[in-house]
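Just so it is clear: chains get the letters A, B, ... in the order the sequence lines come, proteins before strands, and each one is counted from 1.
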Amino acid sequence: MPELPEVETVRRDLAVALRKRRIESVELPFPGSLRGAGRNGFVRQLTGARFAGARRRGKFLILGLDSGQSLVVHLKMTGVLQHQKADDSLPKAARIIFYFRDGTRLVFSDQRKFGTVRLCGRPEQLPDIGALGPEPLTRSFTPLALGARLAGRRAPVKAALLDQTVVAGLGNIYTSEALHRAGILPQRPAGKLSIAEVERLHRSIRSVLEAAIKARGSSVNTYRDGRGERGWFQTAHRVYDRQGRKCKRCGCVIVRETLRGRGTYWCPGCQR
DNA sequence: AATCGTTCCTGATAGC
DNA sequence: TGCTATCAGGAACGAT
C-alpha cells in the first residue's frame with residue numbers, strides 16, 4: 001500500500017514527466033473515484049489545463065495546474081498513478097485517463113476503488129489535509145512534537161502512529177518497521193513511552209522513511225511508481241510480512257498479530 | 001478529545 | 001477441480 005515513501009516516489013516521477021504538459025482530453029471509465037465536483041465539471045475544468053508542479057502532504061499527492069487549481073489524489077490501498085507511453089497497455093483497473101498531445105497519458109488506476117481524485121482550489125483547506133499532523137521529514141517534526149502528540153493517549157503506539165493527525169504519512173508497513181528499529185513493542189500505550197523511547201522512535205521514523213524513499217518504496221502488492229515500475233524496499237523489511245521468519249538482528253522468530261484490526265508485526269527479542 | 005465499530009471493494013487464498 | 005467463505009486494509013463517518 002502506498003505510504004509516504006511510495007507517494008513521494010510517484011511525486012518525484014510525475015514532477016518530471018508531467019512538467020508543463022497540457023491536458024488534451026479526459027476519460028472517466030469510473031467516475032466513482034471522483035470527489036467534489038461531478039464528472040462534467042471535472043472534464044470541463046481540466047481540458048486544456050497545464051500541469052505546474054507536484055507536491056505531497058502526508059499520503060496526499062497534489063498536482064498543481066496553471067489554472068490555479070490542484071488535483072488532489074489519495075491512492076489508498078491499490079491506487080496507481082503513472083505516466084504511460086502511447087503503446088503501453090492500459091491497466092485493467094483504469095479509472096481516470098488524461099491524454100496529452102504526444103499520445104502519452106496520465107492514468108489513475110485502482111483495483112479496489114478506494115482511491116480518490118479531487119479538483120480543488122486550496123488543498124490545505126480540505127478538512128482531511130488541514131487535520132494532518134507534522135510531515136515527518138521536515139524540521140517541524142521534532143522528538144518534542146512527537147511526544148506532545150502521543151501524550152495522554154492510551155491506545156497502542158502502533159495505532160497512534162497510524163492516526164494521520166499524529167504524524168502524516170505512516171501506514172501499516174512503516175509503523176511496524178519504525179517500531180522495530182526503535183526497539184518498542186507495538187502494543188505499548190502511546191502516552192507511556194519514556195523520553196528516550198520517543199527520541200528513538202522519532203529517529204527511526206525518519207530513517208526508515210528516508211531509506212524507503214531511496215529504494216523507491218515497497219512493492220508489497222500492487223504498488224507501482226510513476227513509471228509503472230516496482231520499488232525494492234520490501235527486500236529490506238525487518239518485520240513487515242516476515243512472520244515466522246528470523247529477525248535479521250537477533251534471530252528470534254517474527255510474530256504477526258492483529259492489533260486494532262490491522263496486521264501487526266514485531267520481533268519479541270528486539271522490542272519491549 | 002479519544003476511541004471504537006462499520007463501511008467501501010475485489011483479488012488471493014483457505015477450506016471443503 | 002471447482003465452488004464458497006474469509007481476509008486484507010486507509011480513513012471517513014457516526015456513535016459513545
*asked:* Tell me which one of A:L185, A:I184, A:L170, A:L259 satisfies side chain to side chain contact (heavy atoms under 4.5 Å, CB included) with A:K158.
replied: A:L259
*Determine if A:F114 stacks with C:dG10; use a centre-to-centre distance below 5.5 Å and an interplanar angle below 30° as the criteria.*
yes
_Quick check for you: name the first and last nucleotides of DNA chain B, 5' to 3', having an atom under 4.0 Å from a heavy atom of chain A._
B:dT3 to B:dG11
*Please work out if A:E3 contacts a base, only the sugar-phosphate, or nothing of the nucleic acid, heavy-atom cut-off 4.0 Å.*
nothing
*Could you tell me which non-hydrogen atom of A:D13 sits nearest to which non-hydrogen atom of A:R216, and how far apart they are?*
OD2-NH2, 2.7 Å
Using a cutoff of under 3.5 Å, can you pull out all pairs of nitrogen or oxygen atoms linking the protein to nucleotides 13-15 of chain C, with atom names and distances?
none

_Within the 4.0 Å heavy-atom criterion, would you say A:M77 contacts the bases, only the backbone, or no part of the nucleic acid?_
base
*Please state how far atom OH in A:Y174 lies from atom P in C:dG10, giving the value in whole angstrom units.*
12 Å
_Phosphate-side-chain proximity, A:R112 and C:dG9, N/O vs OP1/OP2 below 4.0 Å_ = no
*Evaluate the ring planes of A:H74 and A:F60, with Trp represented by its six-membered ring, and classify them as parallel (under 30°), tilted (30 to 60°) or perpendicular (over 60°).*
perpendicular
_Interatomic distance, A:L126 CG vs C:dA11 P [rounded to whole Å]_ = 14 Å
*Interatomic distance, A:L4 CG vs C:dA11 P [rounded to whole Å]*: 11 Å
_Whether A:Q164 contacts C:dA11 is assessed here as follows: a side-chain N or O lying under 4.0 Å from the phosphate OP1 or OP2. Is that the case?_
yes
*Look at A:H74 and C:dA11 and indicate whether a side-chain polar atom (N or O) is within less than 4.0 Å of OP1 or OP2.*
yes
*Cationic tip of A:R21 above A:F51 ring, under 6.0 Å, 45° of axis*: no
_Geometric cation-pi criterion, A:R95 with A:F108: 6.0 Å, 45°_ = no
*A:P156 and A:R260: which non-hydrogen atoms are nearest, and at how many Å?*
CD-NH2, 3.3 Å
*Grab the CD1-P distance between A:I129 and C:dG10 for me, whole Å please.*
18 Å
*If you look at every strand shown and take non-hydrogen atoms under 4.0 Å, does A:G263 touch a base, only sugar-phosphate, or nothing?*
sugar-phosphate
*So, A:Y223 versus A:Q234: side-chain donor-acceptor pair below 3.5 Å or not?*
no
*Under 4.0 angstrom, heavy atoms only, what part of the nucleic acid is A:R256 near: base, sugar-phosphate, or nothing?*
sugar-phosphate
